[in-house]
Peer 1: 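The structure follows.
The first residue of the sequence shown is numbered 1, and numbering continues consecutively from there.
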Amino acid sequence: MNRILVIINLFDGAVEKIKANPDLAKKEMEFVKQWQKEEILENFFITVSKTGAVLIFKNTTETNVKSLIEILPYFPFMAKIEYYNTDKHF
């Protein structure tokens, strides 16, 4: 079963800027919940420091996932985004 693993790291100081605008987090989570409802987002993890995240997508393409990530409200705060095509074994 193919999955697309996305690893995101925010810029230094991004968390403070995000916290200064509470609507950003709300809007970000609306996307996450929508993708979960559409059954394309299988898992969503946030690092304890809140400076990074891991998302696991299914039933979609890497091209589509890249487009989805780019529309997120946090996208301007992302320093590094890595995409990995994986094959889930269990």
Side-chain angles (χ1 to χ4, degrees):
M1 297 188 306
N2 293 332
R3 299 290 188 269
I4 299 165
L5 175 70
V6 182
I7 301 173
I8 298 170
N9 290 294
L10 300 178
F11 285 109
D12 289 338
V15 173
E16 291 77 20
K17 290 179 182 177
I18 291 168
K19 284 182 179 179
N21 186 347
D23 286 339
L24 280 177
K26 182 180 176 185
K27 290 177 184 175
E28 185 87 0
M29 287 309 297
E30 287 173 5
F31 283 100
V32 170
K33 289 177 183 177
Q34 181 61 38
W35 298 340
Q36 186 181 28
K37 190 190 283 187
E38 293 172 3
E39 298 185 356
I40 59 171
L41 183 63
E42 184 172 65
N43 295 100
F44 176 62
F45 303 91
I46 300 175
T47 61
V48 174
S49 64
K50 304 214 183 324
T51 59
V54 176
L55 296 87
I56 301 173
F57 288 88
K58 63 180 184 175
N59 303 325
T60 190
T61 65
E62 183 176 344
T63 302
N64 188 49
V65 169
K66 287 180 179 181
S67 297
L68 294 172
I69 296 298
E70 290 174 3
I71 63 171
L72 288 171
Y74 286 10
F75 183 72
F77 301 101
M78 296 178 188
K80 185 176 182 183
I81 307 167
E82 299 175 88
Y83 300 90
Y84 297 95
N85 285 293
T86 63
D87 187 18
K88 184 176 179 180
H89 287 266
F90 60 89

Peer 1: Taking the side chain as every heavy atom from C-beta outward, state whether V65 and L55 have any pair of such atoms under 4.5 Å apart.
Peer 2: no
Peer 1: Does D12, at its CG atom, have more than 12 non-hydrogen atoms belonging to other residues, nucleotides or ligands within less than 6.0 Å?
Peer 2: no
Peer 1: Is I4 reachable from V54 through a run of I, L, V, M, F, W or Y residues, each pair having side-chain heavy atoms under 4.5 Å apart?
Peer 2: no
Peer 1: Carefully, step by step, assess K33 and K37 under the rule side chain to side chain contact (heavy atoms under 4.5 Å, CB included).
Peer 2: CA-CA 6 Å; K33 289 177 183 177; K37 190 190 283 187; over 6 Å; no
Peer 1: Where do E39 and N59 come nearest, in terms of heavy atoms and distance?
Peer 2: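 Scanning both residues completely, I find the closest heavy atoms to be O-ND2, 3.2 Å.
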Peer 1: Could you check whether any side-chain N or O of E42 sits under 3.5 Å from a backbone N or O of K58, counting only pairs where one atom can act as donor and the other as acceptor?
Peer 2: no
Peer 1: Are the side chains of F57 and L68 in touch, meaning some heavy atoms are under 4.5 Å apart?
Peer 2: yes
Peer 1: Could you state whether F44 and I71 fall into the same hydrophobic cluster, counting links through intermediate Ile, Leu, Val, Met, Phe, Trp or Tyr residues with side-chain heavy atoms under 4.5 angstrom apart?
Peer 2: yes
Peer 1: For a 4.5 angstrom cut-off between non-hydrogen side-chain atoms, does N85 reach N2?
Peer 2: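 Answer no - side chains too far apart.
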Peer 1: Here's one to test your reading of the geometry: is the NZ or CZ of K17 within 45 degrees of the ring axis of F77 and under 6.0 Å from its centre?
Peer 2: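 No, K17 does not sit over the ring of F77.
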Peer 1: Could you tell me if the side chain of W35 sits less than 4.5 Å from the side chain of T60, heavy atoms only?
Peer 2: no
Peer 1: With the 4.5 Å side-chain cut-off for hydrophobic clustering, are Y74 and F31 part of the same group?
Peer 2: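 Yes, Y74 and F31 fall within the same hydrophobic cluster.
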Peer 1: Could you tell me the separation between the OG1 atom of T47 and the CD1 atom of I7, rounded to the nearest 0.5 Å?
Peer 2: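 Nearest 0.5 Å value for the OG1-CD1 distance: 11.5 Å.
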Peer 1: Check the pair E38 / Q34 against side-chain hydrogen bond (donor to acceptor under 3.5 Å, both in side chains), numbers first and verdict last.
Peer 2: CA-CA 6 Å; E38 293 172 3; Q34 181 61 38; 2.8 Å; yes
Peer 1: Treating Ile, Leu, Val, Met, Phe, Trp and Tyr as nodes and any side-chain heavy-atom pair under 4.5 angstrom as an edge, say whether L72 and I56 lie in one connected cluster.
Peer 2: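 No.
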Peer 1: Should Y83 and I69 count as side-chain neighbours, where that means a heavy-atom distance under 4.5 Å?
Peer 2: yes
Peer 1: Provide the closest heavy-atom pair for A79 versus F11 in the form atom of the first, atom of the second, distance.
Peer 2: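 Heavy atoms only, the tightest pair is CB-CD2, 3.5 Å.
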Peer 1: Please say whether more than 12 non-hydrogen atoms of neighbouring residues, nucleotides or ligands are located less than 6.0 Å from CD in E62.
Peer 2: yes
